[in-house]
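In this chain, numbering begins with 1 at the start of the sequence shown.
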Amino acid sequence: MAQTPPPPMTPALSLHFPLARQVLLTTLLLTSVLAGCSRAPRGEEAPFVPATDQEVLERVPARAADPGAREREALRQRLDTAPQDLELALKLAQAHIQEGRAKGDPRYLGRAQAALSTWWEQESPPLEVRVLRATILQSRHEFQAALTDLDAVVREAPGHSQAWLTRAVVLSVRGEHAEAARSCAPLGGLAGELTRAVCLAQVQSTAGQSKQAFAELSKALVAAQGGIAPTEQAWALSVLGEAAARAGDVPEGERLLKQALALDPQDAYTRGALADLLIDAGRASEAVELVRSYPEDDALLLRRVLAEKALGTAEARAQADTLRTRYAASHLRGDSLHAREEARFALGVDQDAARALSLAEANWQVQHEPWDARVLMEAALAAGRPQAALPVVDFLQANGAEDPGLMALAQRVRSALP
């Protein structure tokens, strides 16, 4: 999914939240379904039972060595004794969302929702609860519900910059680019011209107008030099790098994404975008090294599997089996949020074009980002059903998309039509 914003009341606004993801792509389970240890609903399948006591189900980080985990646990204990403490609940929910962003782990969203449980079901909860609830809802692909909250916030508090930014992201993911751009407009006076420029560049690049996005954001970065916090600079450089690559300047895109990652090494979204660029460039070994240390992040594990598959390594099958198990577990939970990633997996790893196309078509019903368009067109061509990609081709034409990669695929689709 697109880079989506972290919780409000942070020092620097950002569109990054790769649960975007890539990503993105989350569930709101309050407990974990362990990789390789999924439990089916009663009556369908017996629970997984380890063959031996030595079998590792999951490696859990030691809290004693993690200051952030200790802080979150302390906040949770305090909230347990004072569940009506709004300030405390917001602080804990924000901490969980930030940790989920850093680790690409959707379980933290469930914990964030739990922190807000006192207000979660309220029709009109406090404004900051609505913004956090919208952040969680959009990562579940409940876009309309997220927009309902965000629309209410900007009506009541038109100076709430985070709400405008999150609204722009949700609308952009849905392919409503004109309205998304209008949501970026107030940010100039609320959060500064660079924030407005990054928001607008994100929308333009998602719409397939990356050359324009790159030019305008480059000017804004030059104008803002000297007064940018590292996190804000990393966010801007990541958006700029993606725009450069989509516009056809892959070396510049790589340079900028690496620069962004150097400023914010925990940004899983940028790491995934750089890995995609390396895989496309035939540099799979570099992609493996880039994502090797993040096995708990499904989106980054997908990149590793694709890269290992391209290299034909001995680890490719084991890594693919791990990811396949995680996808199966998500289906048992009724979770269809991994459709785009599963489509890439089905096409690039299993070489199952029919399944990839089915997943990509389902995904296109929900979101309309460049990768959504790309995987549907690629799957349709591989399956010998180019007509299935016509909704994407029509969408790109209607939005005035110019990005060379997407345009080349669209032309291939047209040429393959009977």
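Listed by chain and number, the residues in a ring pair (Phe, Tyr, Trp, His ring centres under 6.0 Å) with Y294 amount to none (sequence neighbours excluded). Applying the side-chain hydrogen bond (donor to acceptor under 3.5 Å, both in side chains) test to D151 and every residue at least two apart in sequence or in another chain returns R167. Every residue two or more places apart in sequence or in another chain that forms a ring pair (Phe, Tyr, Trp, His ring centres under 6.0 Å) with F345 is listed here: Y327. With sequence neighbours excluded, the residues satisfying salt bridge (Lys or Arg N to Asp or Glu O under 4.0 Å) with R355 are E342. With sequence neighbours left out, D372 forms a side-chain hydrogen bond (donor to acceptor under 3.5 Å, both in side chains) with R340, N363, Q367. In this structure, the side-chain hydrogen bond (donor to acceptor under 3.5 Å, both in side chains) partners of E286, at least two apart in sequence or on a different chain, are R283. Contacts of D276 classified as salt bridge (Lys or Arg N to Asp or Glu O under 4.0 Å), with partners at least two apart in sequence or in another chain: R303, R344. A search for side-chain hydrogen bond (donor to acceptor under 3.5 Å, both in side chains) contacts involving K258 returns E254, not counting sequence neighbours.
Other residues, nucleotides and ligands contribute more than 12 heavy atoms inside 6.0 Å of the CD atom of Q351. In R412, the CZ atom is not crowded: 12 or fewer heavy atoms of neighbouring residues, nucleotides or ligands sit closer than 6.0 Å.
Under the 3.5 Å distance criterion, the side-chain polar atoms of S218 are matched with a main-chain donor or acceptor of F214. Formation of a donor-acceptor pair under 3.5 Å by the S139 side chain with backbone atoms of I136 is found in this model. Put simply, the side chain of S172 never gets that close to the backbone of A168: no donor and acceptor are under 3.5 Å apart. Of the possible polar contacts, none joining the E156 side chain to the V153 backbone as a donor-acceptor pair under 3.5 Å is found. Put simply, the side chain of T322 gets close to the backbone of A318: a donor and an acceptor are under 3.5 Å apart. The closest donor-acceptor contact from the side chain of W120 to the backbone of A115 lies at 3.5 Å or more, if one exists at all. Put simply, the side chain of S205 never gets that close to the backbone of A201: no donor and acceptor are under 3.5 Å apart. Although no hydrogens or angles enter the test, the distance criterion places a donor-acceptor pair under 3.5 Å between the side chain of R271 and the main chain of P265.
Nearest heavy-atom pair, S161 versus L190, reported as atom, atom and distance to 0.1 Å: CB-CB, 4.0 Å.
One distance of note links CG of L261 with CG of L290; it measures 6.5 Å at 0.5 Å rounding.
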Which donor-acceptor pairs under 3.5 Å do the side chains of residues 395-403 make with protein atoms, sequence neighbours left out?
from	atom 1	to	atom 2	distance (Å)
N399	OD1	H177	ND1	2.9
N399	ND2	F395	O	2.8
D403	OD1	S210	N	3.0
D403	OD1	S210	OG	3.3
D403	OD2	S210	OG	2.8

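Side-chain atoms of E128 and H160 form a donor-acceptor pair, as typed in the model, at a separation below 3.5 Å.
Sorted by first then second residue, the salt bridge (Lys or Arg N to Asp or Glu O under 4.0 Å) pairs that include residues 194-216, not counting sequence neighbours, are E193-R196. Residue pairs meeting the salt bridge (Lys or Arg N to Asp or Glu O under 4.0 Å) criterion with at least one partner in residues 304-318, sequence neighbours excluded, are R292-E315, R304-E308, R304-E315. Among pairs with a residue in residues 239-260, none fulfils ring-ring contact (aromatic ring centres under 6.0 Å, His included), at least two apart in sequence or across chains.
Looking at heavy atoms from C-beta onward, H338 lies out of side-chain contact with L302 at the 4.5 angstrom threshold.
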